[in-house]
Amino acid sequence: MSATVSFKVASAQGEQSVTLSYTRRGSGEPLLLLHGIGHHRQAWEPVIPALAAERDVIAVDLPGCGDSPALPDGMAHDLPTMSAVLRALFGALEIERPHVAGNSLGGLLALDLARAQLVRSVTALSPAGFWSEAERRYAFTVLSTMRRIARRLPPPVVERLARPALGRTLLTSTIYARPGRRSPEAVVAETLALAKAQGFYETLHSGRTVRFTDDIVGTPVTVAWGSRDRLLIPRQGVRAKGVIPRARLVRLPGCGHVPMNDDPALVARVVLDGSR
């Protein structure tokens with residue numbers, strides 16, 4: 001069952017009210033799940049049952065994504081603002097230094113929180129920010145194309161395309177290595193989520209100068225990369241290990257950029273092991 005929470009976040013215009021949608025399941029130490037740009041919290045559904053058996057799992061829709069409204073006027077959809085929103089969310093949900101797992105943009109946000117010593121552990125799945133300039137341009141071009149296609153397809157067409165495995169492959173093979181495993185309903189929902197995501201281009205624009213170049217000390221970090229990631233290519237994981245030498249680097253065989261659906265059991269095990 002989804003819920004919403006509203007809280008105040010400091011901004012250049014003074015305190016602003018932010019509302020986020022989330023689901024919360026399980027018990028144990030808190031584990032916050034963060035999705036990628038233009039996605040939604042349901043990306044984590046394949047692994048939540050296994051995670052919730054051992055953790056208090058909170059899957060959140062980032063601002064302007066899924067069921068969460070965009071940030072108020074005057075608040076930028078950029079890394080510092082998003083991190084400030086998540087810090088305020090911790091207080092609103094009364095969770096202190098949670099474990100955090102994030103994918104893509106969510107992985108970058110998780111690492112940024114760890115850099116500020118605000119979390120117990122981080123598991124970053126294909127995190128953004130370890131690209132070369134050419135790799136970043138390629139990824140942003142692919143993401144922009146995916147967004148344009150999602151916005152141009154009428155919902156009835158998306159529903160028809162999503163029924164056969166071939167159609168699901170056409171819609172989602174950029175992010176999944178095994179798109180046929182994704183249910184038609186899930187593919188429709190995430191295609192519509194991408195089409196409707198507010199702040200998408202502002203977030204993308206703000207990422208043009210983002211590089212994660214700081215070591216993280218005192219917080220356990222796991223960086224995991226799908227061997228078949230077609231968006232952020234796997235050699236970026238080696239680059240991440242160079243930036244964060246103490247990080248555990250894990251290869252996810254046969255997985256794409258969003259690995260939670262490609263191999264739920266493996267991803268759940270990696271997240272749980274990283275949050276011991």
Worked check of side chain to side chain contact (heavy atoms under 4.5 Å, CB included) between R228 and C255: CA-CA 5 Å; R228 295 172 61 190; C255 290; over 6 Å; no
Residues V271, R55; criterion side chain to side chain contact (heavy atoms under 4.5 Å, CB included); working and verdict: CA-CA 11 Å; V271 172; R55 299 284 182 271; over 6 Å; no
Test side chain to side chain contact (heavy atoms under 4.5 Å, CB included) applied to L32 and L89, step by step: CA-CA 10 Å; L32 185 70; L89 174 68; 4.3 Å; yes
Pair V250-D273, side chain to side chain contact (heavy atoms under 4.5 Å, CB included): steps then yes or no: CA-CA 11 Å; V250 178; D273 286 349; over 6 Å; no
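Between A162 and L171 the shortest heavy-atom distance is N-CD1, 4.2 Å. Nearest heavy-atom pair across I216 and A114 is CD1-CB, 3.9 Å. Across all their heavy atoms, P184 and R163 have their closest contact at CG-O, 4.1 Å. Pairing each heavy atom of E190 with each of Y176, the nearest pair is OE1-OH, 2.8 Å. For the pair E29 and S275, the tightest heavy-atom approach, listed with the atom from each and the gap, is OE1-O, 4.1 Å. Here the closest non-hydrogen pair linking V119 and V122 is CG2-CG2, 3.7 Å.
In the hydrophobic cluster analysis, where Ile, Leu, Val, Met, Phe, Trp and Tyr join through side-chain heavy atoms closer than 4.5 angstrom, V60 is grouped together with V100. The hydrophobic cluster containing L249 also contains L272, counting ILVMFWY residues as joined when their side-chain heavy atoms lie under 4.5 angstrom apart, directly or transitively. Linking Ile, Leu, Val, Met, Phe, Trp and Tyr residues whenever their side-chain heavy atoms come within less than 4.5 Å places V18 and L118 in a single cluster. Residues Y201 and L192 do not share a hydrophobic cluster, defined by chaining ILVMFWY side chains whose heavy atoms lie under 4.5 Å apart. Cluster annotation: L113 and V210 are assigned to the same hydrophobic cluster (Ile/Leu/Val/Met/Phe/Trp/Tyr, side-chain heavy-atom contacts under 4.5 Å, transitive).
Residues L33 and R41 are not in side-chain contact: their nearest non-hydrogen atoms beyond the backbone lie 4.5 Å or more apart. Taking 4.5 Å as the limit, every side-chain heavy atom of C65 sits out of range of all side-chain heavy atoms of F200. Using a 4.5 Å cut-off on side-chain heavy atoms (C-beta onward), L71 and H77 make contact. Between E135 and I233, the closest side-chain pair of non-hydrogen atoms falls below 4.5 Å. For the pair D263 and L252, the minimum side-chain heavy-atom distance is 4.5 Å or more. Contact of the L204 side chain with the S144 side chain is registered, since non-hydrogen atoms from C-beta on lie closer than 4.5 Å. Side-chain contact between P253 and L266: present, with at least one pair of heavy atoms (C-beta onward) separated by less than 4.5 Å. M82 is not listed as a side-chain neighbour of D112, based on a closest heavy-atom distance of 4.5 Å or more.
Taking CG from D215 and CZ from R246, the interatomic distance works out to 4.5 Å, rounded to the nearest 0.5 Å. To the nearest 0.5 Å, the span separating CG on D61 from NE2 on H39 amounts to 10.5 Å. In this structure, CZ in R239 is found 13.0 Å from OG1 in T213, a value given to the nearest 0.5 Å. Between the CG atom in L51 and the CG atom in D56 there is a gap of 11.5 Å [rounded to 0.5 Å]. One finds the OH atom of Y138 at 9.0 Å from the CG atom of L232 (value rounded to the nearest 0.5 Å). Going from atom CG of L34 over to atom CG of L62 covers 5.5 Å, rounded to the nearest 0.5 Å.
Listed for the S21 side chain is no donor-acceptor partner under 3.5 Å among the backbone atoms of S68. Side chain of T19 to main chain of S6: no donor-acceptor pair is present (N/O by atom type, distance under 3.5 Å, no hydrogens or angles). In this structure, the side chain of Q16 engages the main chain of D73 through a donor-acceptor pair within 3.5 Å.
Checked for salt-bridge contact, E45 and R25 meet the test: a charged N lies under 4.0 Å from a carboxylate O. Checked for salt-bridge contact, E133 and R137 meet the test: a charged N lies under 4.0 Å from a carboxylate O. Comment: E54 engages R276 in a salt bridge, judged by a side-chain N to carboxylate O separation of less than 4.0 angstrom. In this structure, D262 does not pair ionically with R181, as no charged nitrogen and carboxylate oxygen lie closer than 4.0 Å.
Between the side chains of T172 and R182, no donor-acceptor pair is found at a separation under 3.5 Å. Inspection of the H257 and D229 side chains reveals an N or O donor paired with an N or O acceptor under 3.5 Å. Counted by atom type alone, T145 and R148 present one or more donor-acceptor pairs between their side chains at under 3.5 Å. Side chain to side chain, R248 and T222 meet the donor-acceptor criterion of an N or O pair below 3.5 Å.
Classification of the F212-F130 ring pair by plane angle, with boundaries at 30° and 60°, yields tilted.
A side-chain contact (heavy atoms from CB on, under 4.5 Å) with P63 is found for exactly one of V85, T81, V9, T203, namely V85.
With a 6.0 Å radius and a threshold of 12 heavy atoms from other residues, nucleotides or ligands, K196 has its NZ atom at or below the threshold. Counting heavy atoms of neighbouring residues, nucleotides and ligands inside a 6.0 Å radius, atom CZ of R211 exceeds 12 of them. For CD of E96, the number of neighbouring non-hydrogen atoms (other residues, nucleotides, ligands) closer than 6.0 Å is 12 at most.
Annotation: cation-pi pair R136/F140 present, NZ/CZ under 6.0 Å from the ring centroid and within 45° of its normal.
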